[in-house]
Number of protein chains: 2
Amino acid sequence: MTNQSAGGPPEPRWLSDEEQGVWRAYLHATTLLEDHLDRQLQRDAGMPHVYYGLLVHLSQAPRHRLRMTELAQDAKITRSRLSHAVARLEKNGWVRREECPSDKRGQLAVLTDEGYEMLKRSAPGHVAAVRAAIFDRLAPEQVAQLGDICRTIQAGLQPEGGDLPWTR
Amino acid sequence: MTNQSAGGPPEPRWLSDEEQGVWRAYLHATTLLEDHLDRQLQRDAGMPHVYYGLLVHLSQAPRHRLRMTELAQDAKITRSRLSHAVARLEKNGWVRREECPSDKRGQLAVLTDEGYEMLKRSAPGHVAAVRAAIFDRLAPEQVAQLGDICRTIQAGLQPEGGDLPWTR
DNA sequence: AGTCAATGCTTGAACTTTCAACGAGGCAGG
DNA sequence: CCTGCCTCGTTGAAAGTTCAAGCATTGACT
């Protein structure tokens, strides 16, 4: 009898006590982890976690290069943010820009050899940090559960229909 | 035979394929969600998600007031960040600072009536967004699983021993 | 070819976060 | 009371992010 009354604005469906608890735990866990990894990488690799992720994506791409827009999509960040980030990484000598042969508007972000070396140096420490924070703490079922949960959430937020908001 | 060889540095324990997949899914889900909620709140409440969280914490505190350090701990952010944030929220008229009667160094962050009203206005929309992204998509067992997982991760990252890094 | 909307990426300004340094007050020991 | 150290919270500058606007190219339509 508490929802869906007639007159005014619909009573919002509040979170149950359990849901509130889960939401709080989620927020705390994710902010603590983000923070932790950001610090770890800032210390050991001289860049924030997002930037590191960009290098990782490039290192996994065919010739260590990716169109800007594609990289932005892969990393789930805006093109604007990527532009600034690549500018910074370029100053560090870890990434280089190249013109796209097939589209004169396009740019390719290319992982330099130096960037690749840096990645090889810092990867073990980073993996260890991720492992220590997550995979060494969770039971195998939990890892699988986390995967399913994240994939579900992700799917709900992805504008899968093709109406990409990466134009932002 | 791939780990723990004798000579050089210990071969790092890389992530298995499944672990990599889960980690990727985690990163994507959390960044998309953060992004989504940040935008939702920026649009509907004129502030980022973290700032909204501060108001929520204050609204749940005894007399709508909290010591700065305590608020920072609750929200899992640094005191410096909080200082800047409160300055901004003060400009908006949603928070006010008060001297702490028992400790002259201390400051209390107080939620103003205006801030409380703003919270009441924007809460329904925010809850709806959280619900739409998470609780309406996950099965009840998954919600429980997510809670356990997050609490485990959180516990591993909390400097529970009393060596608080909130001094930062 | 000529037009016009859409795409690819960049830019600068405003805002937020981090980092290191600081001033002020508390607290303990002499 | 004085000294030295710790905690509370703030500050300014540097770094990162967002937002809206902008230029160049492309693609479709005529």
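A, B, ... follow the sequence lines: proteins, then strands. Residue 1 opens every chain.
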**Integer-rounded Å distance: dC8(D) P and Gln107(B) CD** = 13 Å
**Item:** Base versus backbone protein contacts along nucleotides 22-27 of chain C [heavy-atom cut-off under 4.0 Å; B, S, -]
**Value:** --BBS-
**Request:** Verify the neighbour count for atom CD of Glu99(A): are there more than 12 heavy atoms of other residues, nucleotides or ligands below 6.0 Å?
**Result:** no
**Item:** Whole-Å distance separating the CG atom of Leu41(B) from the P atom of dC15(C)
**Value:** 18 Å
Please list every donor-acceptor pair under 3.5 Å in which a side-chain atom of residues 84-94 of chain A meets a protein atom from a residue at least two apart or in another chain.
unit_1: Arg88(A); atom_1: NH1; unit_2: Gly46(A); atom_2: O; d: 3.4
unit_1: Arg88(A); atom_1: NH2; unit_2: Gly46(A); atom_2: O; d: 3.0
unit_1: Glu90(A); atom_1: OE1; unit_2: Arg97(A); atom_2: NE; d: 3.0
unit_1: Glu90(A); atom_1: OE2; unit_2: Arg97(A); atom_2: N; d: 3.4
unit_1: Asn92(A); atom_1: ND2; unit_2: Arg88(A); atom_2: O; d: 2.8

**Asked** Would you say Gln20(A) has more than 12 foreign heavy atoms packed within less than 6.0 Å of its CD?
**Response** yes
**Request:** Could you check how far CE of Met68(A) sits from C1' of dT11(C), rounded to whole Å?
**Result:** 13 Å
**Message:** Expressed as a whole number of angstroms, how long is the span from Arg43(B):CZ to dC19(D):P?
**Reply:** 11 Å
**Message:** Just by distance, no angles: are the side chains of His126(A) and Gln40(A) close enough, under 3.5 Å, to form a donor-acceptor pair?
**Reply:** yes
**Item:** Distance in angstrom units between Ile77(B) CD1 and dT10(D) P, rounded
**Value:** 12 Å
**Request:** Would you kindly give the CG-to-C1' distance between Leu82(B) and dC19(C), to the nearest whole Å?
**Result:** 16 Å
**Atom-to-atom span, CG of Leu71(A) to P of dG8(C) - whole angstrom** = 14 Å
**Asked** Taking atom CG of Leu54(A) and atom CG of Leu66(A), what is their separation to the nearest 0.5 Å?
**Response** 10.0 Å
**Message:** Tell me whether the count of non-hydrogen atoms from other residues, nucleotides or ligands lying under 6.0 Å of CZ in Arg43(B) goes above 12.
**Reply:** yes
**Request:** Starting from P on dT17(C), measure out to CD on Glu34(B) and report it in whole angstrom.
**Result:** 10 Å
**Message:** Are more than 12 heavy atoms, taken from residues, nucleotides or ligands other than Asp136(A), located less than 6.0 Å from that residue's CG atom?
**Reply:** yes
Output one line per pair: protein atom, nucleotide atom from nucleotides 11-18 of chain D, and distance, for all N/O pairs under 3.5 Å.
unit_1: dT11(D); atom_1: O4; unit_2: Ser80(B); atom_2: OG; d: 3.0
unit_1: dG12(D); atom_1: O6; unit_2: His84(B); atom_2: NE2; d: 2.9
unit_1: dG16(D); atom_1: OP1; unit_2: Arg88(A); atom_2: NE; d: 3.2
unit_1: dG16(D); atom_1: OP1; unit_2: Arg88(A); atom_2: NH2; d: 2.9
unit_1: dG16(D); atom_1: OP2; unit_2: Arg88(A); atom_2: NE; d: 3.4
unit_1: dT17(D); atom_1: OP1; unit_2: Arg81(A); atom_2: NE; d: 3.3
unit_1: dT17(D); atom_1: OP1; unit_2: Arg81(A); atom_2: NH2; d: 2.5
unit_1: dT17(D); atom_1: OP2; unit_2: Tyr51(A); atom_2: OH; d: 3.2
unit_1: dT18(D); atom_1: O4; unit_2: His84(A); atom_2: NE2; d: 3.1

**Fill in**
For Ala109(B) and Leu71(B) the tightest heavy-atom approach is CB-CD2, 4.1 Å
**Asked** Got Leu138(B) and Gln145(B) here, is their nearest side-chain heavy-atom distance under 4.5 Å?
**Response** no
